[in-house]
Amino acid sequence: MESRAKLFGHPIHQILIVFPLGLLATSVIFDIIYLITENRRWSEIAFWMIAAGVIGGALAAPFGWIDFLAIPQNTRAKTIGLLHGALNVVVLGLFVASWFLRRDFPSEPSVIALALSFAAFAIAGVSGWLGGELVDRLGIGVDDGAHVNAPSSLTHKTVG
């Protein structure tokens, strides 16, 4: 099933999602470095990475929603897509809560703020796997007729 929201022939959701996923994952890595080194600068960087990651996730979400709405009803893909989207909402909510708890003292996150980020990271791993299942296993967002010798998406030729 082809994506309904494309840019230069590629699904916009798949293009955009790598940024928030990377930023939010890196924020957790920086929090771990902060916990190991006790260098507060790492938690300050994590604070801003969370902010950027949440904004990026909010920008990617509508394009995922557009593709979700095009999935046929009563299919495994629709169920997986719903779970994937719901988990991503939870992930963003947990990171927003972590960011909110850090806002007054970004260099000294509370245990709760850190726990929320770590939980969100774990859930994002599950949701990311589900996103991969949608694309790689169920063909959501993949051009109809895609194959190893398909023409470039920039040629505007159909695949087939």
(message) With a 4.5 Å cut-off on side-chain heavy-atom distances among I, L, V, M, F, W and Y, is there a chain of contacts connecting Leu7 to Val18?
(response) no
(request) With sequence neighbours excluded, give me every salt bridge (charged side-chain N to carboxylate O under 4.0 Å, His left out) pair touching residues 108-127. (result) Arg40-Glu108
(request) Among residues two or more places apart or on two chains, list those pairs meeting salt bridge (charged side-chain N to carboxylate O under 4.0 Å, His left out) that have a residue in residues 73-93. (result) Arg76-Glu133
(message) Once rounded to the nearest 0.5 Å, what's the spacing between atom CG of Leu114 and atom CG of Leu35?
(response) 5.5 Å
(message) My understanding is that a hydrophobic cluster links ILVMFWY residues whose side chain heavy atoms are under 4.5 Å apart, including indirect links. Using that, what else belongs to the cluster containing Val142?
(response) Val135
(message) As an exercise, state the distance from CD1 of Ile140 to CD1 of Ile71, rounded to the nearest 0.5 Å.
(response) 4.5 Å
(message) Quick check: closest heavy atoms across Ala113 and Pro109, and the distance to 0.1 Å?
(response) CB-CB, 4.4 Å
(message) Quick one, Thr75 and Pro72 - any side-chain contact, counting heavy atoms below 4.5 Å?
(response) yes
(request) Rounded to the nearest 0.5 Å, what's the gap from CD1 on Ile12 to CD1 on Ile17? Could you check? (result) 13.0 Å
(message) Just to verify, what does Ala70 make a side-chain contact (heavy atoms from CB on, under 4.5 Å) with, not counting sequence neighbours?
(response) Met1, Arg4
(request) Just grab all the side chain to side chain donor-acceptor pair (under 3.5 Å) pairs involving residues 14-28, residues at least two apart or on different chains. (result) none
(request) Can you measure from CG (Asn88) to OG (Ser127) and round to the nearest 0.5 angstrom? (result) 3.0 Å
(message) Does this structure show an ion pair linking Asp143 with Lys6, if we count only N-O contacts that are shorter than 4.0 Å?
(response) yes
(request) Treat each ILVMFWY residue as a node, draw an edge where side-chain heavy atoms are under 4.5 Å apart, and state whether Leu82 and Val126 are in one component. (result) yes
(request) Scan for ring pair (Phe, Tyr, Trp, His ring centres under 6.0 Å) pairs involving residues 3-36, sequence neighbours excluded, and state none if there are none. (result) Phe30-Trp42
(request) Under 4.5 Å between side-chain heavy atoms, chaining through other members, with only Ile, Leu, Val, Met, Phe, Trp and Tyr counted: pull out the rest of the cluster around Val111, sorted by chain and number. (result) none
Would you list the atom pairs, donor with acceptor, under 3.5 Å between side chains in residues 44-66 and any protein atom, with sequence neighbours excluded?
from  : atom 1 : to    : atom 2 : distance (Å)
Glu44 : OE1    : Arg41 : NH1    : 2.9

(message) Just to verify, what does Ile123 make a side-chain contact (heavy atoms from CB on, under 4.5 Å) with, not counting sequence neighbours?
(response) Leu87, Val90, Val91, Leu94
(message) Can you list everything that forms a side-chain hydrogen bond (donor to acceptor under 3.5 Å, both in side chains) with Ser43? Sequence neighbours excluded, please.
(response) none
(request) State yes or no: do Leu24 and Val28 share one hydrophobic cluster built from I, L, V, M, F, W and Y residues joined by side-chain heavy-atom distances below 4.5 Å, directly or via other members? (result) yes
(message) With a 3.5 Å distance limit and no angle check, can you tell me whether Ser3 reaches the backbone of Pro11 through a side-chain donor-acceptor pair?
(response) no
(message) According to ring pair (Phe, Tyr, Trp, His ring centres under 6.0 Å), does anything in residues 105-141 pair up with another residue at least two apart or in another chain? List the pairs.
(response) none
(message) Once salt bridge (charged side-chain N to carboxylate O under 4.0 Å, His left out) is applied, what residue pairs with a partner in residues 82-107 remain, sequence neighbours excluded?
(response) Asp31-Arg102
(request) Group every Ile, Leu, Val, Met, Phe, Trp and Tyr by side-chain heavy-atom contacts under 4.5 Å, then state whether Phe68 and Ile15 land in the same group. (result) no
(request) Supply the atom-to-atom distance Asn74 CG to Thr79 OG1, rounded to the nearest 0.5 angstrom. (result) 8.0 Å
